[in-house]
Amino acid sequence: MIPFSPPRIDDKIIAEVTAALNSGWITTGPRVKKFEELLARFCEVSNVLCVNSNSAGMELMLHWFGVGPGDEVIVPAYTYCATANVVMHCGATPVMVDVNDDFDINVEAVRRAITPRTKVIMPVDIAGFPCDYDALNALVRDPEVMKLFTPVTEAQRSLGRSLLLEDAAHSLGARYHGKALGSNADIVVFSFHAVKNLTTAEGGAIALNLPVPFNNEQVYKYLRIKSLHGQSKDALAKTQIGNWRYDVTEPGYKCNMTDVLAAIGIVELERYDDETLVRRKQIFDAYSAAFAKDSHFQVPVYESGDRVSSYHVYPLRINGITEQQRDEIMQKIFAQEVSVNVHFIPLPLLTAYKKQGYNINNYPVTYDNYSREISLPVYYDLTNEQVQQVIDAVFKAVIES
Ligand SMILES: *Cc1c(COP(=O)(O)O)cnc(C)c1O
């Protein structure tokens, strides 16, 4: 069976994790610090805070901005549940909008959804393909849109407009105008979950790119404490002789990354551009070369103008089929020992959001994308022979249907 997305665990990873375990320091410490510095350099931002998941990172930032009951946060209907759940945890309302044919949030739909309650816009780079950040940045700075903004916290008053909080769970290393994602939105949050392009088993990182009058270094220091129960000294600082006394400055959260997991991330990041992304692009190109020439298929856009994907998910679409036919095709692919997936079941089709009144009929492009979509395996250790096996299995399943 060809798996869908196994992690790349080799001797290098095992050696670095073993070194972390043997170092005597297993929770947040020097390896997390080093990983943060490497990520900041990679993303070309001054400060990156590592946390234990993308979800925790996004929620931390919503709390930091003071999002609460009565507030609205605009999210795409086509995303993983985390994007909406973190908004609901704050007591705020996720306002779902439709997406484009390229799977990313529709900026005109975002504009129509803005109200005086809007506090945050959360674009998601689906499959690793960057959203239209020129349009999104222009939108939040549009004087007509800014006039509607009603700040109630100090951070909201300082920004003076809606926060652009990017769910970059798929898109580490994707490029926008030639630069790695990180400085293209106010806050960019990555995921290092086991199935993501770069993994630490579980983990996430927050790239800070707030405009003046914010000082990103100060915000970083504040968030570091906020992510550790609001405790003024972390465990490492407390190990210094006699340095035991601490204060708690606010009831914070507990979502710090550990050194054991940062060890995986350090190895993964060192080879990310030269090995991981190169191999993933080869696999994307092989799939597109095979499927683009047959009218049964719609291949995804993953490089266009100033936008280059991180090649996270290869979302193939089959032309002229129903959701049920898609499911049948998937079963025929599985029967040929190839694992495939769907990214994603739109939120308005899931019980938790249906119960809140969200209705898929309001998101026609989202439904069309979803109903014809099959995600193909993409990972570093997938061989050329296996890529061909995937292609053959998909062709056979589709032609038979
Ligand atoms: C995986 C994923 C997340 C959540 O990431 P975690 O690190 O598991 O919290 C959020 N958004 C999207 C689009 C994802 O695919």
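In listed order, ligands and their atoms are each counted from 1. Given the structure is predicted, the values throughout are model-derived calculations rather than measurements.
Given atom 6 (P) of ligand 1, the protein heavy atom at minimum distance is S191 OG, 3.5 Å. S55 OG, 2.5 Å is the protein heavy atom nearest to atom 9 (O) of ligand 1. The protein heavy atom nearest to atom 15 (O) of ligand 1 is H170 NE2, 2.6 Å. Regarding atom 4 (C) of ligand 1, its nearest protein heavy-atom neighbour is N54 OD1, 3.6 Å. Nearest protein neighbour of atom 8 (O) of ligand 1, counting heavy atoms only, is H193 CB, 3.9 Å.
Ligand 1 places these atoms under 4.0 Å from at least one heavy atom of V124: 13 (C). Of all atoms in ligand 1, listed by their number and element, those nearer than 4.0 Å to a heavy atom of A82 are 4 (C), 10 (C). Interface of T79 with ligand 1, defined as ligand atoms under 4.0 Å from a residue heavy atom, comprises 13 (C). Counting the atoms of ligand 1 from 1 in the order shown, those under 4.0 Å from a heavy atom of D167 are 10 (C), 11 (N), 12 (C), 13 (C). Taking every heavy atom of A169 and a limit of under 4.0 angstrom, the matching atoms of ligand 1 come to 2 (C), 3 (C), 10 (C), 11 (N), 12 (C), 14 (C). Short contacts between ligand 1 and F344, defined as distances under 4.0 Å to a heavy atom of the residue, involve ligand atoms 15 (O). In the vicinity of S53, heavy-atom distances shorter than 4.0 Å reach the ligand 1 atoms 7 (O), 9 (O).
An N or O contact shorter than 3.5 Å links K196 to ligand 1 by distance. Between Y80 and ligand 1, a contact under 3.5 Å exists for no N or O pair. Checked by distance only, ligand 1 and E202 stay at 3.5 Å or farther apart across all their nitrogen or oxygen atoms.
Taking the six-membered ring wherever Trp is involved, the centroid distance between the rings of H63 and Y253 falls below 6.0 Å.
Salt bridge annotation for R317-D101: present, with a cationic side-chain nitrogen under 4.0 angstrom from a carboxylate oxygen. Between D259 and K33, no side-chain nitrogen of the basic residue sits less than 4.0 Å from a carboxylate oxygen of the acidic one, so the salt-bridge criterion is not met.
For R279 and Y311, the positive end is not near the middle of the six-membered ring at less than 6.0 Å and at most 45° from its axis. In this structure, R307 fails the cation-pi test against Y176, since its NZ or CZ atom is not both closer than 6.0 Å to the six-membered ring centre and inside 45 degrees of the ring normal.
Nearest heavy atom pair, residue V338 against residue P377, reads CG1-CG, 4.2 Å. Counting all heavy atoms, side chain and backbone alike, F149 lies closest to Q156 at CE2-O, 3.5 Å. Contact record, P130 with D125: CA-OD1, 3.5 Å, taken as the closest heavy-atom pair.
Judged purely by distance below 3.5 Å, without hydrogens or angles, the side chains of Q331 and D327 never pair a donor atom with an acceptor atom.
When V124, I126, V188, V86 are each tested for a side chain to side chain contact (heavy atoms under 4.5 Å, CB included) with D167, only one passes: V124.
Using a 4.0 angstrom heavy-atom cutoff, G203 counts as in contact with ligand 1.
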